[in-house]
Amino acid sequence: MNGHGSAALREAVWAANQAIVRAGLVTLSFGNASGVDREGGLMLIKPSGVAYADLRPEDLVAVDIETGRQLADGLRPSSDTPTHLALYGAFPEVGGIVHTHSRAATSWAQACRPIPPFGTTHADHFHGAVPVTRQLSDDEVAGEYEAATGAVIVETLTTAGLDALEMPAVLVASHGPFTWGPDPGTAADNAIALETVAAMASETLALDPEARPVAQSLLDRHYQRKHGATAYYGQRR
Ligand SMILES: [Zn+2]
């Protein structure tokens, strides 16, 4: 147990870790969720190798977002910690990150194919095709592998000119999905939406290998009605 990170952030990160399990996105102990406290200069992340069923909010590990150092003795942070830190460092608007090996999204990552926006379910969450990274080089794999994984996600978004909150998911080639959002709960929601969208895309192509993405107008309309200045989906907050 350590006192780093507000109780609210600790609860939110814990809830995001539980949400991906409840949604069936976790096999064994694969995957992790984190959340960041920008003012406190720290992130809270799942400890490495701990079964989700045993995970308590106080088990989450606090890591300095500048140095990557663990802020208190105790459980070791997820081995994917450098990947999360790279994303928080590159995208100040990101407040929570989720990584899973969920079956359908990981299948697209293994096929090294971006997920086309075949319908409005996709457009409600992801403003365009969900991109896939290039393969890491042998040197990147042999070196600081987890940091290189973060860097290649950042490279994928920036070279495509994508906004991190408009495209809150990237498939890491031959690995699996990372999703994020302004907070840990939204990052988990995006992981759940991505898995559904990935499964439906596979089924769409099975029914019709020539299926085409939705029109840009429909993509924009569905994205904008849930996000941005003119959003009108749901209730006023
Ligand atoms: Zn992984």
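Basis for what follows: all heavy atoms, side chains included, without hydrogens, waters or symmetry-related copies. When a ligand or atom number is given, it counts from 1 through the structure's own listing order. Note that the structure is a prediction, hence the values are computed from the model and not measured.
Heavy atoms of other residues, nucleotides or ligands lying less than 6.0 angstrom from CZ of R103 number 12 at most.
Within the protein, the N, O or S atoms lying under 2.8 Å from the Zn ion (ligand 1) are H99 NE2, H101 NE2, H175 NE2.
Checking H84 against N32 by side-chain atom types alone, a donor-acceptor pair falls below 3.5 Å. If you check the side chains of W108 and S202, you find a donor sitting under 3.5 Å from an acceptor.
Aromatic rings from H175 and H99 are positioned such that their centres are separated by under 6.0 Å.
Residues meeting the salt bridge (Lys or Arg N to Asp or Glu O under 4.0 Å) test with E140, sequence neighbours left out: R134.
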Handout entry: Stepwise side-chain contact (heavy atoms from CB on, under 4.5 Å) check, V13 with I45
Key = CA-CA 7 Å; V13 175; I45 190 164; over 6 Å; no
